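Nothing here was measured: the structure is a model prediction, and the numbers come from that model. Order of the sequence lines sets the chain letters (A, B, ...), proteins ahead of strands, with each chain counted from 1.
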There are 2 protein chains.
Amino acid sequence: MRTIERLPKRQRHQQLSRLIEENPFITDRELTRQLKVSIQTVRLDRMELAIPELRERMKLMAERSYDAVRSLPLHEVIGDIVDLQLDRSGISIFEIRAEHVFSRTGIARGHHVFAQANSLAVAVINEEIALTATADIRFVRSVKLGEKCIAKAYVRSISGERSKAKVEVFSYVGDEMVFQGHFVIYRSTGESAIEGGI
Amino acid sequence: MRTIERLPKRQRHQQLSRLIEENPFITDRELTRQLKVSIQTVRLDRMELAIPELRERMKLMAERSYDAVRSLPLHEVIGDIVDLQLDRSGISIFEIRAEHVFSRTGIARGHHVFAQANSLAVAVINEEIALTATADIRFVRSVKLGEKCIAKAYVRSISGERSKAKVEVFSYVGDEMVFQGHFVIYRSTGESAIEGGI
DNA sequence: GCAGCTATTATAACCAGGTACTAATAGTAT
DNA sequence: ATACTATTAGTACCTGGTTATAATAGCTGC
């Protein structure tokens with residue numbers, strides 16, 4: 001009977017996957033010890049499961065984190081700006097992924113939604129250095145994992161003398177408003193800045 | 001004359017450091033090609049500069065990113081809460097590190113300062129699920145790389161009927177106030193939540 | 001000019017943690 | 001008995017190094 005002998009193999013495959021997921025730094029030798037099979041079996045199993053060798057796993061992790069580090073400057077703006085009319089309006093899209101949600105509920109953490117809006121409010125201001133001075137925000141409904149958050153910013157006034165701009169941002173999922181915020185942005189012309197925008 | 005022959009070595013050391021910093025995935029063989037010296041010289045140089053071999057570098061990067069992934073759940077609260085009196089007040093400390101600042105200016109990005117305050121405002125509410133409904137915030141002065149931001153939250157009112165709490169948060173660097181915020185937190189008793197707190 | 005020094009290069013043995021391939025063995029199904 | 005799968009064993013080879021030992025080149029001080 002095939003099932004009798006095949007089950008242990010599949011079980012071992014699951015165990016092996018779990019062990020490597022739990023500790024990606026485990027060697028085949030250690031897996032041999034824990035699974036009580038020969039090192040060849042471990043390697044055949046990895047082959048079948050398309051799990052790369054330890055060094056390859058470490059390399060992939062290192063590359064992933066290195067790419068993340070390199071792309072950090074891009075994150076100075078949270079969300080992808082898809083339309084921008086300086087000193088007038090702007091639109092950005094931000095997809096809520098696993099790293100943005102409150103793990104227990106799958107609800108996006110507030111500061112990510114805020115960050116998208118703040119980024120856009122700063123970006124829409126046509127100035128070298130623009131920093132958020134104040135913000136008055138309202139989370140209208142929760143944003144969930146997988147949802148695409150579309151933020152629209154409108155510049156309401158620019159008072160040239162004191163270098164302040166008022167920007168309103170509304171964020172939507174589909175046609176539901178999820179967030180609204182009124183930002184006051186300092187359009188710093190170089191001197192002492194007030195805050196860390198995005 | 002010693003300086004004549006020693007200079008090229010120090011220059012090469014600088015070049016080598018720079019090359020590895022630019023691309024940590026470079027092999028000694030490739031360094032040999034770029035520096036026009038033997039592979040032994042490259043290895044002696046790495047020894048002198050205490051730069052680990054490629055595989056060790058990748059392992060360190062992988063471990064660092066893996067630790068970061070594992071500690072993510074801890075980041076559900078931004079900042080270390082050092083004092084907490086539920087429904088009354090709380091204090092948290094958050095050190096501004098390189099990953100939190102606007103790279104051009106070394107000024108902390110607004111959403112990190114906001115996130116610390118928001119986290120604390122949510123944490124101080126003695127409820128299973130607490131979500132930010134609205135926030136009225138003001139960035140008083142910029143917070144810079146290396147500064148320790150101390151947030152103090154005070155619960156101002158709890159209206160049991162509609163499950164709302166008002167929380168004030170003030171953040172300081174030393175004795176300078178850098179941020180203030182008025183939060184309205186929903187103390188969700190299980191039904192439809194409004195926002196993604198922290 | 002020659003010992004003494006540093007810097008560099010060469011050579012060889014060895015290592016971890018594998019891959020790739022071949023072969024043997026055990027169990028079981030038909 | 002035959003065929004098939006699963007497992008184990010063994011060997012050669014690979015990358016990207018370490019470690020140690022020795023040879024060579026270039027200059028220095030005297």
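- Rounded to whole Å, atom P of dC15(C) lies 18 Å from atom NZ of Lys59(B).
- Checked for salt-bridge contact, Arg33(B) and Glu30(B) meet the test: a charged N lies under 4.0 Å from a carboxylate O.
- Contacts of Arg57(A) with the nucleic acid, taken as non-hydrogen atoms under 4.0 Å apart, are absent.
- As a whole-Å value, the separation of Glu48(B) CD from dT8(C) P is 8 Å.
- Among dT9(C), dG18(C), dT8(D), the nucleotide with an atom closest to any side-chain atom of Glu53(A) is dG18(C).
- Residue Arg55(A) places no side-chain N or O under 4.0 Å from the OP1 or OP2 atom of dT19(C).
- The distance from atom CZ of Arg29(A) to atom P of dA9(D) is 13 Å, rounded to the nearest whole Å.
- Among the protein residues, Arg43(B) comes within range of the nucleic acid bases, having at least one heavy atom under 4.0 Å from a base atom.
- Remark: C1' of dT8(D) and NZ of Lys36(A) are 17 Å apart, rounded to the nearest angstrom.
- Contact check, Thr41(B) against dT8(C): no side-chain N or O comes under 4.0 Å of OP1 or OP2.
- Checked against dG10(D), dG18(C), dT8(C), the side chain of Gln40(A) finds its nearest nucleotide in dG10(D).
- Checked options Gln40(B), His13(B), Gln15(B); the residue passing with Asp45(B) is His13(B) (criterion: side-chain hydrogen bond (donor to acceptor under 3.5 Å, both in side chains)).
- To the nearest angstrom, C1' of dG16(D) lies 15 Å from CZ of Phe25(B).
- Here the nucleotide nearest the side chain of Ser38(A), chosen from dT8(C), dA9(D), dG18(C), is dA9(D).
- For dA7(C), neither phosphate oxygen OP1 nor OP2 lies less than 4.0 angstrom from any side-chain nitrogen or oxygen of Arg12(B).
- Tested against Phe179(B), the residues Tyr172(B), Phe139(B), Phe94(B) include a single ring pair (Phe, Tyr, Trp, His ring centres under 6.0 Å) partner, Phe139(B).
- When heavy atoms are screened at a 4.0 angstrom cut-off, Thr27(A) is found touching the sugar-phosphate backbone but no base atom.
- To the nearest angstrom, P of dT19(C) lies 12 Å from CD1 of Ile51(A).
- dC4(D) atom P lies 16 Å from atom NZ of Lys9(A), rounded to whole Å.
- Ring-plane geometry between His182(A) and Phe170(A) is classed as perpendicular, the angle between the planes exceeding 60 degrees on a 0 to 90 degree scale with a lower cut at 30.
- What separates CD1 of Ile39(A) from P of dG10(D) is a distance of 13 Å, to the nearest Å.
- If you run side-chain contact (heavy atoms from CB on, under 4.5 Å) between Leu16(A) and each of Gln34(A), Glu48(A), Arg46(A), only Arg46(A) comes through.
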